[in-house]
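In what follows, a single structure is set out as structure tokens and then discussed.
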Amino acid sequence: MSDFIHESHSIVPPDPKLDKYQRIGLVLLGIGLATFFSSLFAGYKESGNNTIAFSTTMILVFSGGIIYGLRTHLKRQPGIANNGIMTTSVTSAGAFGWLIGITMTTLYVLYYWWHEKLAGMTSLFDPLSNAIRGKDADQWFMYGALYTIGVIIMGIKALAKYRHSRYQMIRTSSIIGSQLFLAFLTPYIMERLNQPYFAPNYFWPLDYKSMMPDKVSHLQEAGNVGNFIIGWVVVMFLVVTPLLTYYFGKRWYCSWVCGCGGLANTAGDSWRQLSNKNLVAWKYERVTIYSILVFAVVMTVIVWLSASQGLFPSFGPKVQEVYGFLIGSVAAGVIGTGFYPILGTRIWCRFGCPMAAVLGIIQKFKSRFRITTNGGQCISCGNCSTYCEMGIDVKWYAQRGQDIVRASCVGCGMCSAVCPRGVLQLENGPTEQRAEYQVDLLSSMKARKMEGKVK
Ligand code: SF4
Ligand code: SF4
């Protein structure tokens, strides 16, 4: 074991060879993944072998993933190693990156629209589903379990990778705990207790269904617990969200609680550098995210008018269906997650999430959060901009010693963690002392674009 970690503080040369621990980890992980994908064709349910298959697969995947992840990062210096990150096929949207992206996208498409094709894979999770909620798995349970397993394994890797940063250690522990206890276990324990579905970390507008008339009347019928859930959703959106965003910025939700951010910062961490930093992307981002927020609000109003007043009787359900398909499935799932290795993480958080839009408006206009920059120390290495998953040109602000006040910043703190000069600090302070430079940056980028210096 001491051999496992004794090189923690040595500098590893570029493209180091895999050592025996990494090879063992990869072999275990490889067999585990092969067992997992073979479940598509195995028919474990019929043979009654799904307990053995599930246990074996989980032991292999967990042990292999954790051994490989821990060994790889504990023998390196903590933090992101720039070595080869822009040339390695997996991390630079090369052939392997595309292969992983296509595999993930295909699984999402099957999961949403042809889930009967995943029946074998779903039944692999029967033992876990029976243990937690007392019945066989369905595709939603399988998806939640896979999502949570991904966050846990890759979260442990992230804890090892960013062990030099207290902020990252606490934040990563928070997103693992939030996904496991709030998003995964709570709803199924509620189901086992014959209570309505309740995931405390999701509420309107991200979980648009939580405020739909049919859901609300179903909750009312459930009595006190149902009324508590309605109250929870309303208070979280109208009181807790503005208050916490005022004090801490949108990071309290996007980087500490939300499962979408949780997956991006664990399973998606290796692709954060692929986020597009172009001015054009910034323009699209502002159009799409606020359009989807407007769509969510209009859709909710129409559905309520349809249900309560009888207006738009067929249009109401139709518009909800269209929203569910385009935003809930295609944007948030297929593109938002399946495209991590091609377009970078946080595609959904940056271009689509209506909750991020609301939080961003509060953060921009009424929040104590800002990233302060000590411009005199900046050596213009560009690490901060490279690893900003929201495509913010952090270096631009750092070079000028200006506070970063951007609606899109999720406060992940990675720009600060990768800065070799300690230039960037995530801080909360009086709102009136924040300097807002978005307009300056935009005009500067426009000018540079006209000069042909940026795309
Ligand atoms: S990482 Fe630090 S030193 Fe490098 S450009 Fe950004 S602020 Fe400057
Ligand atoms: S500016 Fe820094 S804290 Fe904000 S999203 Fe980018 S990397 Fe994260």
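Atom set for the values below is all heavy atoms of this structure, side chains included, hydrogens, waters and symmetry mates excluded. Both ligands and their constituent atoms are indexed starting at 1 by order of listing. Numbering of residues begins at 1 and proceeds along the displayed sequence.
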Derivation and outcome, side-chain hydrogen bond (donor to acceptor under 3.5 Å, both in side chains), residues Thr91 and Trp271: CA-CA 6 Å; Thr91 56; Trp271 296 297; over 6 Å; no

If you scan protein heavy atoms around atom 4 (Fe) of ligand 1, the nearest is Cys381 SG, 2.3 Å

In the structure I gave you, are the side-chain heavy atoms of Val358 and Tyr290 within less than 4.5 Å of one another anywhere? no

Could you list which atoms of ligand 1 come closer than 4.0 Å to a heavy atom of [X]?
| X | result |
| --- | --- |
| Ile379 | 3 (S), 8 (Fe) |
| Ala398 | 7 (S) |
| Cys384 | 1 (S), 5 (S), 6 (Fe), 7 (S) |
| Ser380 | 5 (S), 8 (Fe) |
| Lys395 | 5 (S) |
| Gly382 | 4 (Fe), 5 (S) |
| Cys419 | 1 (S), 2 (Fe), 3 (S), 7 (S) |
| Pro420 | 1 (S) |

Note: Arg406-Asp393 ion pair, threshold 4.0 Å (strictly below): no

Going by an N to O cut-off under 4.0 Å, is there a salt bridge joining Asp19 and Lys75? yes

Distance-minimising heavy-atom pair for [X] and [Y]:
| X | Y | answer |
| --- | --- | --- |
| Gly155 | Thr266 | CA-CG2, 3.5 Å |
| Phe351 | Ile292 | O-CD1, 4.1 Å |
| Leu99 | Thr103 | O-OG1, 2.7 Å |
| Tyr340 | Leu274 | O-CD1, 4.1 Å |

Identified side-chain contact (heavy atoms from CB on, under 4.5 Å) partner of Cys409 from the options Gln363, Lys250, Met390: Gln363

Does the side-chain hydrogen bond (donor to acceptor under 3.5 Å, both in side chains) test come out yes or no for Thr72 and Gln22, once each step is laid out? CA-CA 7 Å; Thr72 301; Gln22 287 170 300; 3.0 Å; yes

For atom 4 (Fe) of ligand 2, every protein N/O/S atom that sits closer than 2.8 Å, waters excluded: Cys409 SG

Could you tell me whether atom 4 (Fe) of ligand 1 has an N, O or S atom of Cys378 under 2.8 Å away? no

With Arg350 as the cation and Trp282 as the aromatic partner, state whether NZ or CZ is under 6.0 Å from the six-membered ring centre and within 45° of the axis. no

